[in-house]
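Worksheet: one structure, shown below.
Numbers here simply count residues along the sequence, with the first being 1. Everything quoted here is computed from the prediction, not taken from an experiment.
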Amino acid sequence: MTGRAKIIGTGSYLPKRILTNKELEKIVETSDEWITTRTGIRSRRIAGAGEETSKMAAQAAIKALTMAGVTARELDMIIVGTITAEMVMPSCACLVQKEIGAENAFAFDVSAACSGFAYALEIADRYLKNAPDMKILLIGAETLSARVNWQDRNTCILFGDGAGACVVTGSKDENGLLASQLYSDGRLWQLLSLDAVPRRYCPVVDYKTIPDRDSFCDGSAFNMVGKDVFKHAVREMGDAVENLLKREGITVDDIDLMIPHQANIRILKSLAERVNLPFEKVYTTIQKYGNSSAASLPIALDEANREGRLQKGDLLLFSVFGGGFTWGVVLLRW
Ligand code: UT7
């Protein structure tokens with residue numbers, strides 16, 4: 001197979017500030033025990049000054065470019081999956097372009113919530129079919145701490161900030177993206193939504209002010225019907241994985257590692273059980289970073305890669321689910 005997307009470098013950036021469950025106990029009526037047992041999350045990262053979405057994205061991008069041995073000037077396209085760009089215009093991708101000096105690329109954002117990175121990968125793959133020499137930078141980056149309501153314990157305990165990136169180009173061998181399928185269902189938008197414009201402008205919080213609850217933005221309308229999102233996530237991701245494997249004539253035993261969107265450890269365990277994948281084959285970062293929406297998958301991918309968990313020839317599954325609803329699955333050979 002030639003011309004399909006092959007990942008040739010990965011990178012990630014996590015904010016320095018770690019916010020633990022114990023600290024959250026001082027902000028909202030919650031407990032370390034509740035958060036750990038219901039979500040698997042023990043801590044999350046919170047962006048501070050100089051760690052705006054585009055800045056973190058650029059840092060992750062530089063690491064991915066270095067690993068790929070590609071210069072910023074060689075890039076043809078930049079796609080950023082994000083729902084928390086610091087500006088509506090210009091796009092986060094244009095700010096990254098400026099930051100890293102990728103003057104020969106065109107750049108745009110993809111808004112698909114937690115599925116943003118998989119959507120970006122699919123778009124890149126379609127371009128590469130026609131132009132396999134293109135060098136494309138894909139990023140998932142989020143600053144959810146600036147948008148969640150820090151007085152709402154149902155949601156604020158879940159999210160974290162960060163960025164992950166990868167460089168892709170057309171594959172010249174049998175490695176690379178093998179198959180993918182994306183989905184959306186806008187009829188269910190009200191189960192998980194975030195206002196386009198905060199009701200009150202929320203600058204990125206300065207890490208020194210945490211955990212002073214008065215310093216947090218409380219004007220953002222982050223709406224989530226957690227139990228319904230949970231059920232849909234397991235069902236839709238499960239169906240998507242099963243349908244893709246069936247279509248490609250592959251069994252779940254052939255999969256070496258699943259790297260899913262990191263939303264809740266119970267969602268990931270239910271998904272693994274649903275598709276009969278041993279949980280040891282599911283890569284998780286949720287314990288350390290919480291749910292960083294579009295950033296979670298590329299951060300996990302970079303960590304798995306740098307830990308040596310990915311061997312050449314391994315069969316990987318990416319599985320995503322997020323607001324919209326949006327979801328999807330990607331099968332690739334490393
Ligand atoms: O990327 C996609 C984004 N979102 C998701 O993936 C979220 C998917 N959903 C979930 O992960 C889970 O539904 C949650 C973790 C959000 C909630 O877990 P749950 O087991 O569904 O709990 P629940 O909403 O049914 O709440 C159970 C109880 C309630 O109290 P009562 O009514 O039983 O007295 C809540 O008020 O837990 C209470 N509760 C909390 N207690 C302590 C809710 N949040 C908290 C909290 N600390 N942070």
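- Here the side chain of Asp256 pairs a donor or acceptor atom with the backbone of Leu315 at under 3.5 angstrom.
- Judged by distance alone, with hydrogens and angles left aside, the side-chain atoms of Arg147 form a donor-acceptor pair with the main-chain N or O of Asp195 at under 3.5 Å.
- Within the 3.5 Å criterion, the main-chain N or O of Ile35 finds a donor-acceptor partner in the side chain of Thr39.
- Using a 4.5 Å cut-off on side-chain heavy atoms (C-beta onward), Met77 and Phe108 make contact.
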Please step through side chain to side chain contact (heavy atoms under 4.5 Å, CB included) for the pair Ile79 and Ile123, ending with a clear verdict. CA-CA 9 Å; Ile79 314 177; Ile123 295 168; 3.9 Å; yes
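- In this structure, Tyr119 has no ring-ring contact (aromatic ring centres under 6.0 Å, His included) partners at least two apart in sequence or on a different chain.
- For the atom pair CZ (Phe222) and CG (Asn149), the distance works out to 10.5 Å, reported to the nearest 0.5 Å.
- The side chain to side chain donor-acceptor pair (under 3.5 Å) analysis of residues 87-101, with sequence neighbours excluded, yields no pairs.
- Around atom CZ of Arg73, no more than 12 heavy atoms belonging to other residues, nucleotides or ligands sit under 6.0 Å away.
- Under a 3.5 Å cut-off, the side chain of Thr326 and the backbone N or O of Ser184 do not form any donor-acceptor pair.
- Applying the side chain to side chain donor-acceptor pair (under 3.5 Å) test to every pair with at least one member in residues 304-319, sequence neighbours left out, gives these pairs: Thr10-Asn305, Tyr283-Glu307, Asp302-Arg306.
- Ser54 contributes atom OG, which lies 9.5 Å from atom CD1 of Ile139 (distance to the nearest 0.5 angstrom).
- When only modelled atom types and interatomic distance are considered, Ser171 and Asp173 share a side-chain donor-acceptor pair under 3.5 Å.
- Counting only residues at least two apart or in different chains, side chain to side chain donor-acceptor pair (under 3.5 Å) contacts with residues 232-242 comprise His232-Glu236, Asp239-Arg274, Glu242-Arg274.
- Residue Arg153 holds its CZ atom at 9.5 Å from CD1 of Ile157, rounded to the nearest 0.5 Å.
- Glu174 and Arg4 are not joined by a salt bridge, as no carboxylate oxygen comes within less than 4.0 angstrom of a charged side-chain nitrogen.
- Residues that satisfy the side-chain contact (heavy atoms from CB on, under 4.5 Å) test with Ile265, not counting sequence neighbours, are Lys269, Phe279, Thr284, Ile286, Gln287.
- Judged by distance alone, with hydrogens and angles left aside, the side-chain atoms of Arg45 form a donor-acceptor pair with the main-chain N or O of Pro15 at under 3.5 Å.
- Counting only distance, with no hydrogens or angles, the side chain of Asp161 and the backbone of Ser145 share a donor-acceptor pair below 3.5 Å.
- A distance-only check finds a donor-acceptor pair linking the side chain of Glu51 to the backbone of Gly48 [under 3.5 Å].
- Rounding to the nearest 0.5 Å places OG1 of Thr53 at 10.5 Å from CE of Met87.
- At distances below 3.5 Å, at least one donor-acceptor pair connects side-chain atoms of Asn223 with backbone N or O atoms of Gln190.
- Here CD of Glu142 is found 4.0 Å from OG of Ser293. Values are rounded to the nearest 0.5 Å.
- Residue Phe321 is tested with Ile267, Val229, Leu271, Val329 for a side-chain contact (heavy atoms from CB on, under 4.5 Å); the sole match is Val229.
- In terms of modelled atom types and a separation under 3.5 Å, the side chain of Thr143 and the main chain of Ala146 share no donor-acceptor contact.
- Asn154 pairs by the side-chain contact (heavy atoms from CB on, under 4.5 Å) definition with Asp152, not counting sequence neighbours.
- In this structure, the side chain of Asp32 does not engage the main chain of Lys22 through any donor-acceptor pair within 3.5 Å.
- Taking CG of Leu177 as the reference point, atom CD1 of Ile7 lies at 8.0 Å (rounded to 0.5 Å).
- Applying the side-chain contact (heavy atoms from CB on, under 4.5 Å) test between Arg44 and each of Leu24, Leu14, Ile18 identifies Leu24 as the sole match.
- Relative orientation of the Tyr183 and Trp327 rings is parallel, given thresholds of 30° and 60° on the angle between their planes.
- Within 6.0 Å of the CD atom in Glu273, the count of heavy atoms belonging to other residues, nucleotides or ligands does not exceed 12.
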